[in-house]
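Working notes, structure below.
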Amino acid sequence: MYETVSAAFQKHFGHPHTVAAYAPGRVEVLGNHTDYNEGYVLSAAINFGTYFLVGPSSDTTCRLVAGDLMAEVTFEVGSPAPVSENTWANYVIGVVAGLQAQGQTPTGFNAMFLGNIPLGAGLSSSAALEICSGLALAALYGMQVDPLDMARIGQQAEHTYAGVKCGLLDQVSSLFGQANALVMTDFRSLEVQTLPMGEDAAFLMCNTKAKHALVDGEYNERREHCEAAAAYFKSALDHPVSALRDVSMSEWQAHAASMDPMTAKRAAHPIGETGRVLAGRALLDRGDLEGFGALMFESHASSVDYFENSCTELDTIVNAARKIPGVLGARLSGGGFGGSVVALVHPRDAETVAHAIKIAFTRTHGHPCEISVITPSAGAHVLDARL
Ligand code: GLA
């Protein structure tokens with residue numbers, strides 16, 4: 001893919017690129033909607049990602065090309081305003097705006113990107129684009145940007161240019177991923193640890209290709225409920241609460257009946273998830289993959305019962321997975337309302353499990369879901385800088 005996009009860059013712009021960067025997508029393994037509640041998440045960077053190639057232009061114009069569509073968007077480097085057509089460009093334009101708060105962007109640029117992360121699959125193709133463009137452009141402009149600041153620049157692009165009030169999970173996972181390891185992030189301290197995955201575990205990503213209407217509005221609404229719940233507990237509990245991370249499941253049980261019912265219902269999910277991530281980490285340390293998988297099934301049930309961010313297509317896969325021999329656990333991964341299920345299997349069972357899931361999905365929905373084996377992979381990096 002890198003050779004393809006390098007050649008296409010040269011052909012389109014008539015000169016070679018000077019900087020290239022790569023950023024992977026991510027899979028969220030346990031800890032759903034906990035990032036913006038300052039809880040914990042176990043995730044991994046994946047073996048699908050995006051390349052961003054760039055060179056300086058001779059003036060202040062930025063030309064940005066999506067290598068798969070060969071569609072081009074131009075804008076002035078000094079006024080990175082969102083566009084209403086070819087809205088994929090907004091992720092990069094938002095990153096340019098974010099970099100301008102960190103340093104000077106005196107010239108425009110010619111850039112092209114190409115990736116293989118399925119779009120809308122809940123694998124964070126947009127975060128990968130933000131991070132590879134951020135790394136490449138920072139290198140082009142000679143800026144030193146701390147990785148967590150780079151993650152925040154990507155997040156800000158989502159907030160102000162795409163309208164999704166996401167947390168930092170996608171960007172942090174893309175930046176801090178490591179081969180054959182899970183990333184465990186504490187979204188309060190932003191401390192990131194890596195946990196080696198044994199050779200006995202593999203992940204299947206089962207892409208439903210479903211994307212339900214109002215997804216972004218639903219995401220922001222869930223976040224508002226969580227913030228309202230945190231505000232309730234802040235005044236109701238006699239210890240400091242600044243986010244749902246500070247609330248235990250027993251405190252939730254004691255107070256749920258006194259709260260606004262929908263706010264209480266939503267809050268149960270991230271509170272439970274934070275506990276499950278901590279329990280899951282301990283199980284992984286002991287090599288207990290069965291126990292870990294059971295927590296993944298619990299996580300999905302909590303999405304269905306409390307957060308209502310699942311959908312029929314996701315439930316078809318998880319319900320089938322509960323009965324398919326060889327599946328250790330399965331749950332929706334990422335924001336929800338469509339996208340993908342991540343299933344944990346022993347590598348020897350991957351093929352038969354994938355086949356059985358496809359049959360079950362086709363029986364209900366009339367067409368198969370798309371399944372790929374996911375390998376926890378290295379995080380984002382600059383791979384070529386000829387400045
Ligand atoms: C999306 C968001 C993340 C996170 C997950 C749910 O991927 O971008 O910040 O909230 O949903 O865990």
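The first residue in the sequence is number 1, and the count goes up from there. For ligands, and for the atoms within them, numbers begin at 1 and follow the listed sequence. The analysis underlying the following values was restricted to heavy atoms, covering all of them including side chains, and did not include hydrogens, waters or symmetry mates.
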At under 4.0 Å between heavy atoms, is it the side chain or the backbone of Asn32 that contacts ligand 1, or both, or neither?
both
Any salt bridge linking Asp305 with Lys265? Criterion: basic side-chain nitrogen under 4.0 Å from a carboxylate oxygen.
no
Provide the number and element of each atom of ligand 1 under 4.0 Å from a heavy atom of Cys166.
2 (C), 8 (O), 9 (O)
Tell me which part of Arg222 gets within contact of ligand 1: side chain, backbone, both or neither, using heavy atoms under 4.0 Å.
neither
Contacting atoms of ligand 1, where contact means under 4.0 angstrom from a heavy atom of Gly167:
9 (O)
Across all chains, not counting sequence neighbours, the ring-ring contact (aromatic ring centres under 6.0 Å, His included) partners of Phe297 are none
Suppose we measure from atom 8 (O) of ligand 1 to each protein heavy atom; which comes out shortest, and what is that distance?
Asp170 OD2, 2.5 Å
Within the 4.0 Å heavy-atom cut-off, what Glu28 brings close to ligand 1 is side chain
Shared hydrophobic cluster, Met296 / Ile371 (ILVMFWY, side-chain heavy atoms < 4.5 Å):
no
When distances are taken from atom 7 (O) of ligand 1, the protein heavy atom at minimum range is Arg26 NH2, 2.8 Å
I'd like to check whether Asp35 has a polar contact with ligand 1, where a contact means an N/O of the residue lying under 3.5 Å from an N/O of the ligand.
yes
Could you check atom 11 (O) of ligand 1 against the protein and tell me its nearest heavy-atom contact, residue, atom and distance included?
Gly335 N, 3.1 Å
Atom 10 (O) of ligand 1 - nearest protein heavy atom and its distance:
Tyr219 OH, 2.6 Å
Apply side chain to side chain contact (heavy atoms under 4.5 Å, CB included) to Leu123 and Met205, showing your working.
CA-CA 9 Å; Leu123 297 176; Met205 253 356 250; 3.1 Å; yes
Value for CZ (Phe361) from CD1 (Ile359), rounded to nearest 0.5 Å, stands at 14.0 Å
What do the steps show when you test Tyr51 against Phe9 for ring-ring contact (aromatic ring centres under 6.0 Å, His included), and what is the final call?
CA-CA 12 Å; Tyr51 289 94; Phe9 184 106; over 10 Å; no
With a sphere of 6.0 Å drawn around NE2 of His15, does it hold more than 12 non-hydrogen atoms of other residues, nucleotides or ligands?
yes
